[in-house]
Peer 1: 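To start, I am sharing the structure in question, which I have written as structure tokens.
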Amino acid sequence: MSRDVAIGKYLAALREQANLKQGELAKKLEWSSAVLSRVESGERPLSEDELDIILGGINTPDARRLKAILSRQWSQLPEPPLGDSDSDLLWEAEQTAQKIHALAEQPDVKQVFERRLVRYEEELSVAAERVLNKRYRAAFVGTIAVGKSTSICRVEGLELPSSKGMPSAVLETGGGGITICDVHVRRGPGYGLIIEPCTEDEIRQHVMDFANSLLAPPAAAQTDDDESNAGAPGISREVDRALRSMTGLRRRRAEKKPDGSIFPALDQARLLAEAFPDAKALTVEVLSRMELHKRDRRDIWHSDAASEPALEWLQETFEKVNNGRHPEFTVPKRIEIVVPTTILRDDSVSVTLVDTRGIDDLAARADLEQHFDDSHTVVLLCSLFPQAPATQVRQLLTRAKEGGVRTLETHSAIVALARAGEALAVKFEGQPAETSEEGYELKAEEIQLKLHPLGLTNLPVAFFNAAEDPPEQLRTFILARINVVRESHRAALREIIEGAKNLLANYAEEQSRETLLAAARRLALWLDENADLSSAGMRNVHESLISATSAAHWKTIYATVARKGAWPNLDYAHQLSHGARRIATQVLEPKLLGFQTIAQSVLIDDELTEAHGLVRQAMRLLEDAFDNIVRTVQLVGESIHTDELREDTNFWQESSADRGTGYKDRFTGRNRQWFEVRHRGEGETRVMKVVEQKWQESVGALRDLLPQADGATRQRKTA
């Protein structure tokens, strides 16, 4: 957007806030409405005098401030859009960054102070970007059939009247296993759907899974520990349903005729499998029936001229795309529901509500756990009211803590979704709750007790009954959590600005101040004692994987075997990456906590007040280093043994051929053999090599930040 367009749009917004119509303001200014219209559209640039005239005509506090805002010269940080609620804070950061940069460029700055100045520049840039970014996500995570889709539709008014009393949600709901992929609800120019399709390789893999599921003998797949689930494994019910719709390979249930005879069930897909008993041939046949070349549409919008109401159209179109019944769309990887209304009814931020795929078996999935690392995502961990917090939710929280996530209490929350009468059924000393509010309070105490072993008793908790509670209740809670995250970003930027200002104000004195050296010696002593990681104990990198295979349903295991460890619900690379991240956290978290303890002892020492800025900067550096190391190690973990495993044909063939009683135990044993005997210690060695290298780099960067008695003046080369 050009500057003229931005100014014009903001002037129009200021005029509307002042309750002035365009014609009224034009008459007041003695301008024509056409000229003012061109100004507000950005077609006509304004001179300074003309801008003053318009602002004087609007004459509101925001209008009077605009001239000063437009005069700001930005050089170090991105300029915020006009009207940004944090523009003053960001301008303060910009002014501080300009002064820091100018001082760092002076030739006589000692190296230790130059490093602090450069570090402040980096910190200001990162922290300002977080404050500037007003795009947030609220990710609903939970088991299938917990009520995520219903709650989202209730909060946003995406509902239609129903003869059953409870409104019908626009997003398709049911008994679980309905939504084929993540669904994002966001604001846009109108009602519509935008689809990110699966890639050709992903679709081919889905079809191969479908073909294998049709060809696998159900009886052979049966195991002793779950006879009720006998059947062919390897494909989710959502994808199975979509592929059948796209290919016309329907299933028909058995029916009883009036004369008492039974009309047998018919599965056209299995009949096709009988005609194509080879998996590759069957895959090719199914792909040809999908006619993917015709399924190239990526978005669809409701027309104002359409006779069908927008929400009815949205409900019907989503149901078709989600189930593979729309002839122009392929298998979706993500569906965006676009609505013209402001999400959560708050214009100060742009919020996307994310309806994640429900947890059907293992909670430890990459698509869910990635949300914990996003600085602009609030993770709403949903549970059925009686189960809150559900076992799967506690598993996710446990893994997040093991993986070094330090923002759970600001970026996560428990949401207990209640049904009719459940809150009143909660008892205290044998007596049921008298009101739903009392039931919620009693349940909150129970939830805190369950979270105590995780050290997360301060995790926020919300309750919501979509059938009875007003949508404002959940909407307000989500906004409150987003505002907590926003305020944490602001607080971090304010702390950096304050430290930088103190350094600038006391620069000439601090170059020789003994208090800095005294504080630095205490921190350096800790570094001397904690730089070495060689004696640190650690777990095995494959422990997360073994835990997952032990807990997984046998169909999930068969599915990942068919894909050589790449099934999304049991992905070897993801499990190993978590194992690597857990090792890094186990080794480094005690170090970080120890340093924070030493730093806090300096911060409460009044005799070292002048060094508090240095100590806070050092603490931020090590905290950032910790976060970066665990995430770097996570990426390293994704590649640990992945290639060797996928190329180990014998391992996968043996796992695929195995069947019957005790299969899961044998499969887990086969994995242990692979990691603990054939490749013993290799993964752990690779992980620790990266951890030690990155830790030494971080310790070195921290040492460079601390002043020393013999710090030398930097010698700048001149041309």
Side-chain angles (χ1 to χ4, degrees), residues 139-152 171-183 198 202 205-206 209-210 212-213 216 218 221-223 225-244 322-324 331-335 354-371 379-384 386-399 415 417 544-545 547-563 565-572 574-575 578 664 667:
F140 288 69
V141 176
T143 56
I144 61 171
V146 73
K148 302 187 302 297
S149 301
T150 300
S151 297
I152 289 173
L171 296 181
E172 189 178 5
T173 60
I178 300 296
T179 309
I180 194 171
C181 60
D182 281 2
V183 178
C198 289
E202 288 169 336
Q205 189 62 66
H206 282 316
D209 293 339
F210 181 55
N212 288 327
S213 73
Q222 187 172 335
T223 64
D225 60 339
D226 193 0
E227 295 183 2
S228 62
N229 284 289
I235 188 168
S236 70
R237 70 188 84 175
E238 304 93 330
V239 173
D240 180 282
R241 184 168 56 241
L243 294 182
R244 287 175 178 275
N322 183 58
N323 289 282
V331 182
K333 188 174 185 177
R334 183 180 72 191
I335 301 175
V354 182
D355 187 7
T356 62
R357 287 192 304 115
I359 302 169
D360 192 14
D361 187 12
L362 297 175
R365 296 188 343 224
D367 62 309
L368 301 180
E369 295 185 320
Q370 65 178 344
H371 294 301
V379 184
L380 302 171
L381 297 159
C382 303
S383 300
L384 293 173
Q387 302 169 0
T391 301
Q392 294 86 346
V393 165
R394 280 176 281 164
Q395 289 173 345
L396 286 171
L397 289 171
T398 299
R399 285 173 60 92
V415 179
L417 299 174
S544 296
L545 173 63
S547 177
T549 59
S550 300
H553 192 280
W554 60 267
K555 288 188 178 182
T556 300
I557 293 176
Y558 281 168
T560 201
V561 168
R563 291 198 183 192
W567 177 248
N569 289 7
L570 180 50
D571 189 325
Y572 270 53
H574 176 63
Q575 295 298 337
H578 177 75
K664 284 176 58 175
F667 181 71

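Computed from a prediction, not measured in an experiment: that's the story for all the values here. When a residue number appears, it is its place in the shown sequence, counting from 1.
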Peer 1: For residues P568 and D367, determine if any side-chain heavy atom of one lies less than 4.5 Å from a side-chain heavy atom of the other.
Peer 2: no
Peer 1: For C198, what residues pass the side-chain contact (heavy atoms from CB on, under 4.5 Å) criterion, not counting sequence neighbours?
Peer 2: E202, I203, H206, V331, K333
Peer 1: Which value, rounded to the nearest 0.5 Å, describes the distance between C382 atom SG and D355 atom CG?
Peer 2: 9.0 Å
Peer 1: Tell me the closest heavy-atom pair linking A364 and Q575, and the distance in Å.
Peer 2: O-NE2, 3.2 Å
Peer 1: Would you say that S149 contacts T179 through its side chain, given a criterion of any heavy-atom pair below 4.5 Å between the two side chains?
Peer 2: yes
Peer 1: Has the side chain of S213 got a donor or acceptor atom that lies under 3.5 Å from a matching backbone atom of F210?
Peer 2: yes
Peer 1: Under the side-chain contact (heavy atoms from CB on, under 4.5 Å) rule, collect the residues that match up with A388, sequence neighbours excluded.
Peer 2: S383, A416, K443, I447
Peer 1: In Å, rounded to the nearest 0.5 Å, how long is the span from CZ of R563 to CG of D209?
Peer 2: 4.0 Å
Peer 1: Please evaluate residues D361 and K555 with respect to the criterion salt bridge (Lys or Arg N to Asp or Glu O under 4.0 Å), reporting the C-alpha separation (whole Å), side-chain torsions for both, the decisive distance (0.1 Å), and the verdict.
Peer 2: CA-CA 10 Å; D361 187 12; K555 288 188 178 182; over 6 Å; no
Peer 1: Roughly how far, to the nearest 0.5 Å, is CG of D360 from CD of E238?
Peer 2: 7.5 Å
Peer 1: Whether the side chain of R365 engages the backbone of R357 through a donor-acceptor N/O pair (distance < 3.5 Å, no angle test) should be reported.
Peer 2: yes
Peer 1: At what distance, to the nearest 0.5 angstrom, does NE2 of H553 lie from CG of L362?
Peer 2: 11.0 Å
Peer 1: Mark yes or no for whether S236, through its side chain, and V239, through its backbone, hold a donor-acceptor pair below 3.5 Å.
Peer 2: yes
Peer 1: With a 4.5 Å limit on heavy-atom distance, are the side chains of I180 and N322 in contact?
Peer 2: yes
Peer 1: Partners of H574 by side chain to side chain donor-acceptor pair (under 3.5 Å), sequence neighbours excluded?
Peer 2: E369
Peer 1: Is the side chain of K148 donor-acceptor paired with the backbone N or O of V354 at a distance under 3.5 Å, no angle test?
Peer 2: no
Peer 1: Taking only residues two or more places apart in sequence or in another chain, which ones pass side chain to side chain donor-acceptor pair (under 3.5 Å) with D182?
Peer 2: none
Peer 1: Roughly how far, to the nearest 0.5 Å, is the CD1 atom of I359 from the CG atom of L381?
Peer 2: 8.5 Å
Peer 1: Using the test side-chain contact (heavy atoms from CB on, under 4.5 Å), find all partners of T560 that sit at least two apart in sequence or belong to another chain.
Peer 2: W567, L570, Y572
Peer 1: Return the minimal non-hydrogen interatomic distance between L384 and A145, and the atom names on each side.
Peer 2: CD2-O, 4.2 Å
Peer 1: Give the minimum heavy-atom separation between A363 and Q392, together with the two atoms involved.
Peer 2: CB-O, 3.7 Å
Peer 1: Could you tell me whether the side chain of I144 reaches within less than 4.5 Å of the side chain of R237, counting heavy atoms only?
Peer 2: yes
Peer 1: Which residues satisfy the side-chain contact (heavy atoms from CB on, under 4.5 Å) test with N323, sequence neighbours excluded?
Peer 2: E172, R241, E319, R325
Peer 1: Measure the spacing between CG of L417 and CD of Q387 and express it to the nearest 0.5 Å.
Peer 2: 11.0 Å
